Amino acid sequence: MPELTEVEAFAQAMLRWCGGRRVTALERLDPTVLRTEERDLTGMTVRGVSRRGKHLIVTLDDAELMVHLRMTGQLLPGEGAAFVRASLRLHDAAPVQLIDPRRLAELHVLAPGGAARRLVGLGDEPFPGPRPGSWWRARLGGARRPLKSALMDQALVAGLGNIAASEILWRARLHPTQRASELNDGEWERLAEAAEAFLSKAMSTQEPDRVVYISRGGENPFSVYQRARCPRCEGPVTRLSQQGRSTFLCPRCQPAPLG
Ligand SMILES: [Zn+2]
């Protein structure tokens, strides 16, 4: 599932693929992909591509195209791929295909400023960083919930998903069920350093024009996610279920909170 760094990589790639190009058509091959009323984008030029949380926003002359990739959505230039749900056709460039086997990805065609209005409830962005421990404490420190659930709450901090939260907590040596409100200053600093290290590394492993998902069977680039052994202490990685999602952790490196 695409999280912050995958969507960021797609946004940077989209800018290369269609920045400054004129749209000749937005083809919908699957009628359910468009979640808003239709607007004709023909003739508009792509002025920018950005990311907000897990949403990708293409800014055009007089419209915005917001893409949410959900579980299995991907963007790829070219034609004729399997599971193409929509295709952004461009003057003098290859079309960009929205590919999605699970059919959960969404397209929203909006008026200028529409994406910001829809995403007004999203929390602040942790990327690009670095963000100090005090930044994280200000956003998550009021949550009496488990730290992992607070990290994934899009209203507190935008863009972090299940994989990023597990990886950041492992790097910070913090237990996922520890209450966010009970962290001390040293632990917030560890969380801040871990988030910066994870996000930078995850961005650096993305290739320019081929965004990689672990679910596609490539080499696992993560430290605890779907790992059997902890790369730091070589102890067994365990998983626990939180909010219906698997959390991977090393019980040796991430001791459970007292009480
Ligand atoms: Zn360990």
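Quick caveat, the model's predicted, so the values are computed rather than measured. Starting from 1, each residue takes its place in the sequence as its number.
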- Query: Would you call Trp136 and Leu151 a side-chain contact if the rule is heavy atoms closer than 4.5 Å?
  - Reply: yes
Under 3.5 Å, which donor-acceptor pairs do the side chains of residues 230-239 form with other protein atoms, sequence neighbours left out?
residue: Arg232; atom: NH1; partner: Trp170; partner atom: O; Å: 3.4
residue: Arg232; atom: NH2; partner: Trp170; partner atom: O; Å: 2.7
residue: Arg239; atom: NH1; partner: Ser246; partner atom: OG; Å: 3.4

- Query: Looking only at heavy atoms, which two atoms of Pro255 and Arg173 are closest? And how far apart?
  - Reply: CD-O, 4.5 Å
- Query: Is Glu125 salt-bridged to Arg52, cutoff N-O under 4.0 Å?
  - Reply: yes
- Thinking salt bridges, do Arg145 and Asp153 make one under a 4.0 Å N-O criterion? yes
- Query: Which of these passes side chain to side chain contact (heavy atoms under 4.5 Å, CB included) with Leu75: Leu88, Val7, Leu69, Ile99?
  - Reply: Leu69
- Task: Could you tell me the separation between the CZ atom of Arg28 and the CG atom of Leu34, rounded to the nearest 0.5 Å?
- Result: 5.0 Å
- Query: With a 4.5 Å heavy-atom cut-off, do Leu174 and Ile168 have their side chains touching?
  - Reply: no
- Message: By the salt bridge (Lys or Arg N to Asp or Glu O under 4.0 Å) test, which pairs, at least two apart or in different chains, include something from residues 62-80?
- Response: Arg70-Glu106, Glu79-Arg89
- Hey, what else clusters with Leu240 if you join Ile, Leu, Val, Met, Phe, Trp, Tyr whenever side-chain heavy atoms sit under 4.5 Å? Leu249
- Validation row: Val23, Leu65 side chains within 4.5 angstrom (heavy atoms): no
- Message: If you define the side chain from C-beta out and look only at heavy atoms, does anything of Trp17 sit under 4.5 Å from Val49?
- Response: no
- Message: Quick one, Asn162 and Lys148 - any side-chain contact, counting heavy atoms below 4.5 Å?
- Response: yes
- Determine the interplanar angle of the His68 and His55 rings, folded into 0 to 90°, and report it as parallel if under 30°, tilted if 30 to 60°, perpendicular if over 60°. tilted
